[in-house]
Amino acid sequence: HENKAPKDEL
Amino acid sequence: MNIFRLLGDICHLVAIIVLLLKIWKTRSCAGISGKSQILFALVYTTRYVDLFFTYVSLYNSVMKVIFLASSYATLYLIYVKFKATYDFNHDTFRIEFLLIPCVILSLLITHDYSPVELLWTFSIYLEAVAILPQLFMVSKTGEAETITSHYLFALGAYRALYIVNWIYRYYTESFIDGIAVVAGIIQTILYADFFYLYITKVLKGKDFKLPA
C-alpha cells in the first residue's frame, strides 16, 4: 500500500 | 522547500510573466497557442482546487493564486482583448486527443479515488502534454519569436528542475511520488528538441528557426 503523497508542491 | 524546487517555481513564474508581458507589450498574441493556454488553465484549475481544502504555507497558496489568475488573464488576452491577432489558422492541434487519454489514465493510475486526488492526478498528466499544441504550432510555422522561445525555455526548465528536486527529496526525505515523477520526466523529454535548438541558436543570438 502506497501512502498518499503530501501535496506540498506546486 | 529546497533550492531546486524554488528555482523551478521561479522559472515557472518567469515563464508566465514573460508570456503575459510579450502579449501586452506587443499588443499581439501571434505565435502563441491559445489551445496550450486553455490546457494550462485547466491544469491549474484542477490541481489547485485544494486551495479550498488544504493549507500548506503562505508561499504555496500565494503561488497557486498567481498561477490561476495569470492563466485566466492570458486566456482573456488571447481570446478577448487581442483576439484579432490570434493565429488560429496555425493553432490546429486537436486537444481532445490529449484530454480524453488524460481522463482515462487518471482513472486507471491514481493514488486514491477521491475527487480531489483524481483532479490532481488528471492535472499532472495533462500538464505533461499541455505544451504539445504550442510545439505543434512552432513546428507548423517553422519558427518562434525570440521572446516566445524564452517563454518555452523557462517553462521547460521548471519541470526539469522539479526532477532534480524529486531526486533530492528522495535522498533527504525518502519522499517519492511515482505519478508526478514519471509525468514530469515525460514532460521534460517533450521539450528536449526545443532545448537543443534554443541552446544552439537563440543563446547565440540567432532566430529560432527549425531546420528545413
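A note on names: the letters A, B, ... follow the listed sequences, proteins ahead of strands, and every chain is numbered from 1.
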Check: R47(B) side chain, W120(B) main-chain N or O, donor-acceptor pair, under 3.5 Å | no
Is T110(B) reaching over with its side chain to a backbone N or O of L107(B), donor-acceptor style, under 3.5 angstrom?
-> no
Select one option (side chain, backbone, both, neither) describing which atoms of [X] are under 4.5 Å from chain A's heavy atoms.
X	value
Y158(B)	side chain
N60(B)	both
Y59(B)	side chain

Relative to the ring of F153(B), is the ring of F195(B) parallel (under 30°), tilted (30 to 60°) or perpendicular (over 60°)?
-> perpendicular
Is any side-chain N of the basic residue among R169(B) and D8(A) closer than 4.0 Å to the acidic one's carboxylate O?
-> yes
Could you have a look at Y48(B), Y162(B), F67(B) and say which one has the most heavy-atom pairs with chain A under 4.5 angstrom?
-> Y162(B)
If you tally heavy-atom pairs under 4.5 Å against chain A, which of H12(B), M63(B), R5(B) wins?
-> R5(B)
Is any side-chain heavy atom of Y191(B) closer than 4.5 Å to a side-chain heavy atom of L155(B)?
-> yes
Minimum side-chain heavy-atom gap F136(B)-I131(B) below 4.5 Å = no
In Å and rounded to the nearest 0.5 Å, what is the OG1 to CD1 distance from T172(B) to I167(B)?
-> 11.5 Å
Going by residue number, which parts of residues 16-36 of chain B are within reach of chain A, meaning a heavy-atom gap below 4.5 Å?
-> none
D50(B): salt bridge (charged side-chain N to carboxylate O under 4.0 Å, His left out) partners, not counting sequence neighbours | K64(B)
